[in-house]
Amino acid sequence: MGFFAQLETACATAVERAFAAAFPTALEPAHIARKLVAAFEAGPAPAGRAGRLFVVRMSAADYARLERDLPYLERQWATMLGRLAERSGRPQRAPEVRAEADRAVAAGTVAIAVEPLAEARHLALRIRRGLPPDGRVALGPLTAVGRDPASQLVLADPRASRKHVEIARDGATYRIRDLGSSNGTRLNGRRITDAELGLGDVVVIGETEIVVEPDDGVP
């Protein structure tokens, strides 16, 4: 390439960079998702069963443009990070995502801050796969799960027994016990008859997958 061609290319590149700085491209949810994945993989794993809060900081202009959809996007981003957390094989509180406007962040860019989440004092069961979809119950002193209509969490799963499992709370500790079910109970992929249950655990009953999540609204 000749000298003048090189000079022309250099000038064009300089103009493109200046234009990009002056008119940044709109920040898109997919770009934020990639940044969240990078922050998740780069940060240290939370201690114990505690989780992490990912704070998405963006310019006021980008926040205003996305504000209407942010509740939905925060849930989707948290679900994405939750799937990454599950691959670690270590039960933990599901990651949470919160978006904020930050004057220090330039338009078209995003900054991710990671903060620890305290381990939940109270827990709940939520049906993640199966019927009823997103069925949920807070864990009390004794919680029954099965097809029996008298159960606290009623499953519409033909492979679940009427009285399948019960979960007992003793202070801050929970234990899950299989009640002699026909098809058994799996906790984090392992078949159990009696085991301690904690935040982030996944219970499989028949074709139903149940996740243990925080229920901090309990007094």
Side-chain angles (χ1 to χ4, degrees), residues 25-59 62-63 65-102 105 108-131 133-139 174 176 185-192 195-217:
T25 57
L27 182 65
E28 295 298 334
H31 176 69
I32 297 173
R34 289 193 293 270
K35 289 283 189 178
L36 283 166
V37 170
F40 180 92
E41 294 177 341
R49 290 176 180 261
R52 290 179 287 177
L53 169 65
F54 293 78
V55 183
V56 178
R57 293 175 177 156
M58 63 186 77
S59 71
D62 286 324
Y63 185 92
R65 183 171 56 84
L66 297 173
E67 186 172 11
R68 186 179 64 180
D69 298 319
L70 281 176
Y72 170 78
L73 291 171
E74 287 170 342
R75 290 193 300 272
Q76 294 301 309
W77 291 329
T79 298
M80 174 190 69
L81 296 183
R83 289 172 180 163
L84 291 177
E86 289 171 12
R87 293 178 189 173
S88 70
R90 186 170 60 82
Q92 58 187 269
R93 181 170 181 170
E96 297 181 16
V97 178
R98 185 179 71 228
E100 296 180 352
D102 190 332
V105 178
T109 65
V110 62
I112 308 294
V114 184
E115 302 173 4
L117 282 171
E119 192 166 335
R121 292 173 50 225
H122 304 283
L123 302 179
L125 299 179
R126 179 174 59 84
I127 296 176
R128 186 167 64 183
R129 186 183 68 199
L131 299 174
D134 286 323
R136 191 177 188 276
V137 63
L139 291 177
Y174 297 83
I176 181 170
T185 302
R186 291 189 175 273
L187 176 64
N188 301 324
R190 180 175 60 90
R191 185 158 181 161
I192 57 100
E196 185 173 340
L197 188 71
L199 185 66
D201 282 341
V202 177
V203 179
V204 176
I205 295 174
E207 300 298 328
T208 305
E209 191 174 275
I210 303 168
V211 65
V212 182
E213 63 182 21
D215 191 56
D216 292 328

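The figures here come from the full heavy-atom set of this structure, side chains too, leaving out hydrogens, waters and symmetry mates.
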Only one of [options] clears side-chain contact (heavy atoms from CB on, under 4.5 Å) with [X]; which?
X: I176; options: D201, L125, V203; result: V203
X: I32; options: L73, V56, V97; result: V56
X: V110; options: R57, H31, E28; result: H31

Measuring from [X]:[atom1] to [Y]:[atom2], what's the distance to the nearest 0.5 Å?
X: L66; Y: E74; atom1: CG; atom2: CD; value: 10.5 Å
X: T79; Y: R128; atom1: OG1; atom2: CZ; value: 10.0 Å
X: L81; Y: E41; atom1: CG; atom2: CD; value: 10.0 Å
X: H122; Y: E213; atom1: NE2; atom2: CD; value: 14.5 Å

Intermediate values then yes/no, salt bridge (Lys or Arg N to Asp or Glu O under 4.0 Å), R98 and E96: CA-CA 7 Å; R98 185 179 71 228; E96 297 181 16; over 6 Å; no
Shortest non-hydrogen contact from [X] toward [Y]:
X: A78; Y: P95; value: CB-O, 3.7 Å
X: S59; Y: V105; value: CB-O, 3.3 Å
X: E196; Y: L187; value: O-CD2, 3.7 Å
X: A124; Y: R136; value: CB-NH2, 3.4 Å
X: A99; Y: M58; value: CB-CE, 4.2 Å
X: L70; Y: Y63; value: CD1-CE1, 3.4 Å

Full working for side chain to side chain contact (heavy atoms under 4.5 Å, CB included) between V55 and I112: CA-CA 6 Å; V55 183; I112 308 294; over 6 Å; no
Residue pair L139, D215: steps toward the side chain to side chain contact (heavy atoms under 4.5 Å, CB included) verdict: CA-CA 8 Å; L139 291 177; D215 191 56; over 6 Å; no
Polar side-chain atom of N188 near backbone of V202 as donor-acceptor pair, under 3.5 Å: yes
